[in-house]
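Written out below as structure tokens is the structure these notes cover.
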Amino acid sequence: MDRVDTFSTYNPILNFAYFIGAIGLGMIFMHPLFLVVNLVGAFAYALTQDPKKVKKLMPLVVIMFTLITLINPLLNTNGKTVLFTWLHGRPYTLESMCWGMVTGSMFAAIIIWFAAYNHVMTSDKFVYLFGKVVPSISLVLTMILRLIPNFQKKANQIMAARASIGMTEKNMENVSAVFSALTGWALEGGIVTADSMRARGYGSGNRTTFSIYRFDKRDVAMLVAMFVLISGCVVCALMGGAEVTFVPDIQTAPITNMATALGIICYGLFLLIPIVLNTVEALRWHILRSRI
Amino acid sequence: MQTESKQVTKKTWLGIIIAIVLMAATVAISYKMGDTKYYVASVLCIFYAMIPFVMGFENRKPMPREMVTIAVLTALAVISRVIFIAIPFCKPVIGVIFIAGMGMGAGSGFMVGALTAIVSDIICGQGPWTPWQMLAFGLAGFIGGVLCRKGLIKGDKPLVPAIISGLLCIIVVGPILDTSTLLVMSNMVDTTSAGAVYLSGLPVNAVLGAATFVTVLVLAKPMLEKLDRVKVKYGMMEEEE
Amino acid sequence: MAHFEIKDLTFSYPTAKDHLALDHINLSIEKGQYITVCGKSGCGKTTLLKHLKSVLAPHGKTSGEIYFEGKLLKDVSLREQSSKIGYVMQNPDNQVVTDKVWHELAFGLESLGMDQKTIRLRVAEMASYFGIQSWFHKNVSDLSGGQKQLLNLASIMAMQPTVLILDEPTSQLDPIAAADFLNTVRKINLELGTTIIITEHRLEDVFHASDRVVVIEDGRLIADDTPKAVGRFLKETKSEMFTAMPSPVQIYYGVDSDLDCPLTVREGRSWLSQEFEGITPTVTSIQEEPYMDEEIKDPAVEVKEAWFRYEKNLPDVLKGVSFKVPRQSIFAIVGGNGNGKSTTLKSISNICKPYRGQVLINGKRVDKYKTSELFKGNVAMLPQDPQSLFVKKTVKEELEEMKATPEEVENVAKTCDITHLLKSHPYDLSGGEQQRAALAKILLTNPKILLLDEPTKGIDNFFKLQFAQILLKLKEQGVTVIMVTHDVEFCARYADTVSMFLDGSIITTNTPNRFFSRNSFSTTAANRMSLHLFENAITNEDVIELCRQNLNK
């Protein structure tokens, strides 16, 4: 059974902003401490949603991480600690490998964040977001989403119809005839759809966009919280609190640095928002139930 | 079905100017912040590049027929992969987008391409590659439209457009997709890492190019004929207004 | 003030300038009336309806005026027309614009620029009035055809139209969904007072509900009166349209009675009882041939306990289907939706391969045939939607796709009566013509066994008759026809054998006469009407014949 993810019941704008923040900040913060926070946040959220999917992604994540770590020094020879040399004295350096590790973990975090993102951002939320900014494109998007299952069904019918008169070959000629037949059918059907839109007043004047999503007080509160936390992260980044250099040698901003500490705290809190919400919700239910 | 009308060009120009200003600003800021934020900066630039198209589309208040046709062609492009699955190595998506651009014009061609990328990714899962895919697919449709409008390629002689679309995959579409790999996987973009990524992508892009070539060669004529028929039908409906 | 006032409306399409698609139509429709517009396919009914809404009016040469609520229709703003004139089209699928049920309900209201609160209220109201709350959040693609059409109706009613125009709204639905839909339309008319203007093939379901029936023939309005008066008029003028009248009307005029004309089965029954008052019928049954399954030797097709499921973990669709189809006959399979009838056809054409049991074609197992052998001269299937077979620009090219010689094309075109359509685009043909073009295409494989999936769906009575004549001709030439259908009237008239399919297997098989006379629900209107007097009168002609014999008329 799907676990209830409280965060995904918030307004899609917040869902989307959260992932933009998480993924965007994750690409900016290269500091090892921030990376650890990033990975913990990503895995924690993805695991509460769908552990099976994370398990499925693990081989890819591990392989890519290893590959990037090992290959980076081959392409990039900077760094002062030379581990060994190859190809006529080309150095293979520790610093470059560490950089590879950082890139690899960043990559891993992005993959996991996107898994979580795809779980939360269903197509209708996406359409809703688009509708806010670009209503016509958003409408086209819903039309596409409606047509695809239709076309799939029709393509199967066409294939079956052709097979029943002996056109069963799976060659370019027959397959493109199927696609061509589908194109004709689809475009003719489109004429009726356009009529139906006009008949229902599309283009007769101002248009509004209706949605089943609401923007409640809790959404406002959450938006403020997210804004504050992201601001903290940005301040930290601008003050150099997340600075890290790998060449010629590895130097990281220390945690004792005020900016770094602020950054870590804000970043961590931001990434943990969904987990905290889920936990609070679970506790609330527990208490409610124990009262009965 | 004329997709770009004269009235909206002003607004489109405005969009282009905004896009260029934003791009410059982003590049400047990212330069100041150090050289490791390529990906974020580049994705922002991609979105800016789409602003003129998006504004152009929204501002001209598209007629239902145009919206429906874009939706139909996009949906066709998205499921073309499933239909051609029986044929090994045949990924017809770019070919279908290219043909759509030829039939609908550059602006609508771009919309079909970008929307195909979004919808494919909504179905199969979005990832860091999504913006790049939108740009690459969009350009395929855009170029198809531009070349056809200029009269350089024609639907009834599919060999030339087929060759062009095939080369387009190898020179433009494939490399753009590879760039996203490059930027996500490597922090330091230099000639070595770039060379490695683009070279390793070449065989894949060549296969894609061949598939696109075949797709356009076979499908351009029947698809454009069907599109033309619908345009005539719409024309009969709209003339009176 | 009339709701719609059509004055001297004349119209011709640019492609056929000499032919008037609408010829001086005068019609006045009062508020709250239920008007049925009938006529043959291509008579101009759809053209007329489309003129009643400016955005849908076809391009061409128009003269005359249309007034809506006292104002010239072209002076009524687009927005007002959008909201006040609701238009439901034929195809349930293509009318849907968005991917979610709730969004579809809201679509029109969005276009009218209403605010969130109003839309929310209207959508909720429509969902409960039409009983669609339970699928409110569903994807449109998960709905059945009937549900989709109901959704189309609901999303138009959400805009609170004062008049509802329906253009053959049930032609793509099965009989149960169609009756449901038409009942809802009736309810809207009675409860909300919405004016209804409807065209329908299934006159049985709308004729009696109509305040007025308008008959159009070749662009001219030939009748505009109460249903009963229109029935009389069509009979007296010997109009072709008479054959489309509901069974009770046809039987009434066949018997030549002095009583009042019945419109429904219920009225028909009491009318027959009145006719037979004091008379005990002496002849109560039609002569019939006995049917014995065991006697069929050398069947064209034999299915032996076939079991099939689409995927390993899905339930069985075919659960031990067994039947024999005698050579050179028309074999019909009837039964509800989605219980495996179409799958049975697909198992005969070897597209669905049973995991247990056998399918024998001419005594040889179907899976032993090579594909080329099976589909060249043995089996061919006409799909439910003939458009599935169309790829090309003209009908002629469609036929040539079958690698046929010009002579073969000419012959098959003659057989299917599409010679005059060879140059047309397949999508420009009417439903019945498309059906015949598709049939021609599959006949080019010279099938000895013809499989038909819902051949009468969306086709009006005249085209049905024409189609039946072609089938009878093919039967004479030695073809065996197996069809799956909902159309009991068609089976009763043309099939040699009828089978009832239920829950994955054949329950009973018999001659149409015995088959239908033993059913009391899924049988013809004529049979239901005469059940209390005659044993096995299933067609209109049967009932008329028995009445004549007994009443000496």
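Here is the naming used below: chain letters follow the sequence lines, and residue numbers restart at 1 for every chain. What's counted below: heavy atoms across the whole structure, side chains too, no hydrogens, waters or symmetry copies. In this text the structure is predicted, and so the values were computed from the model without any measurement.
- With a 4.5 angstrom heavy-atom cutoff, A:V134 touches chain B via backbone and side-chain atoms both.
- Looking at A:M197, the atoms closer than 4.5 Å to chain B (heavy atoms on both sides) all sit in the side chain, from C-beta outward.
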Sequence neighbours left out, cut at 3.5 Å: what donor-acceptor pairs do the side chains of residues 21-28 of chain A make with other protein atoms?
none

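- Counting all heavy atoms, side chain and backbone alike, A:V140 lies closest to B:F57 at CG2-CZ, 4.1 Å.
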Given B:K226 and A:E188, is the salt bridge (Lys or Arg N to Asp or Glu O under 4.0 Å) satisfied, shown in steps? CA-CA 9 Å; B:K226 289 180 165 120; A:E188 301 280 339; over 6 Å; no

Between side-chain atoms of residues 73-96 of chain B and protein atoms elsewhere (two or more places apart, or another chain), which donor-acceptor pairs fall under 3.5 Å?
{"from": "B:T74", "atom 1": "OG1", "to": "B:I70", "atom 2": "O", "distance (Å)": "2.6"}
{"from": "B:S80", "atom 1": "OG", "to": "B:A77", "atom 2": "O", "distance (Å)": "2.7"}

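- At most 12 heavy atoms of other shown residues, nucleotides or ligands fall within 6.0 angstrom of atom CE in A:M101.
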Check step by step if side chain to side chain contact (heavy atoms under 4.5 Å, CB included) holds for B:M67 and A:S136. CA-CA 8 Å; B:M67 298 173 72; A:S136 309; 4.3 Å; yes

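- Between the side chain of A:N118 and the main chain of B:G125, no donor-acceptor pair closer than 3.5 Å is present.
- In this structure, A:N206 places its CG atom where only 12 or fewer heavy-atom neighbours from other residues, nucleotides or ligands lie under 6.0 Å away.
- Heavy-atom distances place the side chain of A:F130, and not its backbone, under 4.5 Å from chain B.
- For B:V218, the part sitting under 4.5 Å from any heavy atom of chain A is the side chain, from C-beta outward, and nothing else.
- Top candidate by heavy-atom pairs under 4.5 Å with chain B, chosen from A:T122, A:I71, A:L139, A:I144, is A:I144.
- With respect to chain B, the highest number of heavy-atom pairs below 4.5 Å among A:M159, A:R207, A:E173, A:M172 belongs to A:M172.
- Only the side chain of A:F126 comes within less than 4.5 Å of a heavy atom in chain B; its backbone stays farther off.
- Options A:S123, A:P135, A:A155 differ in how many heavy-atom pairs under 4.5 Å they form with chain B, and the most are formed by A:P135.
- B:E58 places a side-chain N or O within 3.5 Å of a backbone atom of A:I137 that can act as its donor or acceptor partner.
- Using a 4.5 Å cut-off between heavy atoms, A:N150 makes no contact with chain B at all.
- Looking only at heavy-atom pairs under 4.5 Å with chain B, the residue among A:V178, A:T193, A:V175 that has the most is A:V175.
- Across all their heavy atoms, A:A194 and B:P64 have their closest contact at O-CB, 3.9 Å.
- Heavy atoms only, all atoms of each residue included: A:F179 and B:M223 are closest at CE2-SD, 3.7 Å.
- Both the backbone and the side chain of A:I148 have a heavy atom closer than 4.5 Å to some heavy atom of chain B.
- For B:K221, the NZ atom is loosely surrounded, since the number of other residues' heavy atoms within 6.0 Å does not exceed 12.
- For chain A, the option among B:T116, B:D121, B:V43, B:L219 with the highest count of heavy-atom pairs below 4.5 Å is B:L219.
- The CG atom of A:D195 lies 11.5 Å from the CZ atom of B:R65; values are rounded to the nearest 0.5 Å.
- Using a 4.5 Å cut-off between heavy atoms, A:L145 contacts chain B through its side chain alone, with no backbone atom that close.
- Note: B:E225 CD to A:T183 OG1 = 11.5 Å, rounded to the nearest 0.5 Å.
- To the nearest 0.5 Å, atoms CD (B:Q126) and OH (A:Y117) are separated by 3.5 Å.
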